[in-house]
Amino acid sequence: MMQQVGLLAVILLLSLVLVRFSGTHVDRETGQTVSNFFNPGSLVQILTETSFFAIMAVGMTLVIVSGGIDLSIGSVYALAGVGMALTMRAAGWDSPWLALALCIGFGLLAGVLNGTMVATLGVHPFIVTLGTMWVFRGVAFVVSKAESVLVPGPVTDFAKNPLFLGKGLTPVPAIVMGLFILGGALYLNRTTMGRRVLAVGGNADAARYAGLPIPYILAGVYVIAGLGAGIAAFLGAAYFGSASSADANGYELYVIASAVVGGVSLNGGRGTVTGAFLGALLIVLIRTGIRLLRLDQNYEWIIIGAAIIIAVVLDRLGARLLEKRMVNG
Amino acid sequence: MKVSAVGLSKRFPGVQALSDISVDFLPGEVHAICGENGAGKSTLGKVLAGLYAPEQGHVALDDKPVRFSSPREAQAAGISIVHQELLFAENLTVADNLLLGEIPNQFGWVSDRQMLDTARRWLEKVGSDIDPSMEVAKLSVSKQQLVQIAGGIGRGAKVLIFDEPTSSLTATEATALLGLIRELSAAGTTCLYVSHRLDEIFAIADRVTVLRDGAWVGTKPIAEVTPGSLVQMMVGRELLASSEGDGAFGEPVLEVRGLSSVGRFRDISLTVRAGEIVGLAGLVGAGRTEVCEAIFGVDRRATGSVSVAGKSLVLGSPQRSIAAGVALVPEDRKRHGLVLGMTIRHNGSMAVLPRLSTLGWLNRAAESRTVREFTDRLRVKAPSIESVVGGLSGGNQQKVVLAKWLATDAAVLLIDEPTRGVDVGAKVEIHGLIREAAASGKAVLLVSSDMPELRALCDRMIVLREGVQVAELGRAASETEILSAMAGV
């Protein structure tokens, strides 16, 4: 809980810096001067970008809390996107709901594969998902012949629907993200399965001695990670209008970083879904900030890398200070 | 060297671990520090050894105040500690570990020979012929302890603090260790002996200091106290005497026939009736824990027939065993019994989650109610059920494990070493709880290495030796009878 207060403070601080220093432009339609950062378009844009990471970070959080890791999550995204786009085109479908179902289907399939192997082979999840990371992306590469596949127009319209907001605003990915985060948080904190995931990650031996069904618990988190990757892939492919086997390349590391910055312990047993969301938001804010503050784009990776380390160190410091206060108070 | 605690106070989150402790420890004496778990005795040792900094007061050496900011500074001043949990880089050799702080080197290149020589010299000082080039992981716990002591003596320690040193030793090893401590103190070393084992305290101590809830209760020459008065000082109240069972039991609940597991034990047959407490006695390695694990289903290779309340149980899955009404309170509570980073509520409900939820949705009110019911009944001492179990004392952790399994309302309780590392007060309470469980009609199979515990609790005892059932003894059996059956003499 306190962890998230610290992270929230950093996010607010960064937002204030962006409000102050990102400059202004004149809105062409209204003729008014608006902040480059603090305007509806930019804010929705940031949430949209965040949603692709954050939805996957929910699944990743569960996987890491269970004591594992899923390196294949970016590849599952690519596979689900390509698989959906190809199927839609081959079958001549254009319903966004069918597209969503296909993406979820491919994501779940990949998740079941990961989960089954982790639960039954006794090989470390790092190895299993390192393998499937290449296999899934390779399959996407082969079936798409390395070409970008266009997504039917109605699917894109669905993801870019302004709903109740003004023209040019696209809240759908952010809303889906909100629902998925809510679901993930409830799952981890309020359901028996969530509790079991925490227990297995905290002490797998004790969980086994308490009679918990370990293989199902482990498999379950990878299935949810696959589900998240599938939903993210649907939003991404629909939003950008196409899917390619090169999509989401390297996203697994952004997603893991989001979780870790959000306070998820790589040792398992500890972490929150909302923390991972805030972690994802922070990373996207930093990326946006580099652009808005007109810093050299080439420094993006250096800044993000340093920020991750600083965020985690600050977080530990905060926890230690808090502990001290409790001791002395 | 005389070492003194002068008005030492130390706080941890939620507890006052030490409050205003002043004691002098004299040169050449063995000074026992005892108290229940959580009384602050280990904390006192750690403050003296520089592992913790006190908030108030100070440590004095020969009446000169000193302030240690690290164990290394304490060591340099002549105070060494032998830990309860041995702290080694287990993949390195004995010599590496002994000299880790000051590796002999030439311009950064390790001088192996000098290192081995120094290590050998230090080990000889404690009368040990351990090969300093052995990997520490390959040594038994007792030998690892000797290595720690050698490290302290080798660095010229004039004060040695032993923190529950015998908790993982066999009886012979413990006796040898006590002999060594006596020799060291005869040579002028001040020995502080932190323990709650009364027999050892009386065997070795010259004086004894008792702590309770972090406060000083008294310091007395050993000749002026009796086991009874010492326990009373530790607990602060009279303890209940053990009561005899009435010998009337119900139907057979647990029936084991021809249970075997390759390399562990073979052909075990036993019956436990409702209300009965049956002991499994035997030396370490006789297969007692393994039998319990087989009945509970964590041993996948076990064969034989087990039935609970007349219904036959398919072995090999803890879930099936739990569903059939079997519970296991495991020997190693930190590894198998608890998730230390989780709260009492989380741990207490872990084995009954399905009962506390509807369609996978956890009913947190019911969960809190259930856990609170059992932790209240077991008198778990903690600020609330939201406390993390890793921060509780051994006795309270054990009660949480018991609570978790009593909550399942299992018909069969397999209880493995329920009072290891638990203080006297909690031990008596846990014994009471086990009796109560049996009296309420549960069948209890109890494993214990503590002879008085077996004799106090069990209605009869089954003795195992090297994986084979060798004897069955009634509750009237003497300690000698049990021991000779266990050892086969």
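By convention in this document, chain letters (A, B, ...) are assigned in the order of the sequence lines, proteins followed by strands, and residues within each chain are numbered from 1. Note: hydrogens, waters and symmetry copies are ignored here, and every other heavy atom, side chains too, is used. Worth saying up front: this structure is predicted, and the values here are computed from it rather than measured.
Counting heavy-atom pairs closer than 4.5 Å to chain A, the top residue among B:Leu362, B:Asn347, B:Leu353, B:Leu328 is B:Leu362. Ranked by non-hydrogen atom pairs under 4.5 Å with chain B, the options A:Gly269, A:Gly201, A:Ala207, A:Pro213 are led by A:Pro213. Chain A forms the most heavy-atom pairs under 4.5 Å with one residue out of B:Asp332, B:Val352, B:Ile322, B:Val298, and that residue is B:Val298. Most heavy-atom pairs under 4.5 Å with chain A, from the set B:Glu293, B:Arg364, B:Arg320: that is B:Arg364.
For B:Ser349, the part lying under 4.5 angstrom from a heavy atom of chain A is the side chain only. For a residue to count as touching a neighbouring chain, one of its non-hydrogen atoms must lie under 4.5 Å from one of that chain's; by this rule B:Met350 touches chain A with backbone and side chain alike.
Between the side chains of B:Asp20 and B:Ser9, no donor-acceptor pair is found at a separation under 3.5 Å. A donor-acceptor pair shorter than 3.5 Å cannot be found between the side chains of B:Asn363 and B:Thr358. Side-chain contact check for B:Asp416 and B:Thr289: at least one donor-acceptor pair (N or O, by modelled atom type) lies under 3.5 Å.
For residues 180-191 of chain A, the interface with chain B (any heavy-atom pair closer than 4.5 Å) comprises A:Leu186, A:Asn189, A:Arg190, A:Thr191, sorted by residue number.
Under the rule for a salt bridge (Lys or Arg N to Asp or Glu O under 4.0 Å), B:Asp213 has no partner lying at least two apart in sequence or in another chain. Every ring-ring contact (aromatic ring centres under 6.0 Å, His included) that B:Tyr52 has, sequence neighbours left out, goes to B:Phe12. In terms of the salt bridge (Lys or Arg N to Asp or Glu O under 4.0 Å) criterion, residue partners of B:Lys442 (sequence neighbours excluded) are, by chain and number, B:Asp409.
Here the side chain of A:Ser66 pairs a donor or acceptor atom with the backbone of A:Val63 at under 3.5 angstrom.
Here the NZ atom belonging to B:Lys399 is positioned 7.0 Å from the CG atom belonging to B:Leu378, to the nearest 0.5 angstrom.
Considering all non-hydrogen atoms of both residues, B:Ile295 and B:Val256 come closest at CD1-CG2, 3.9 Å.
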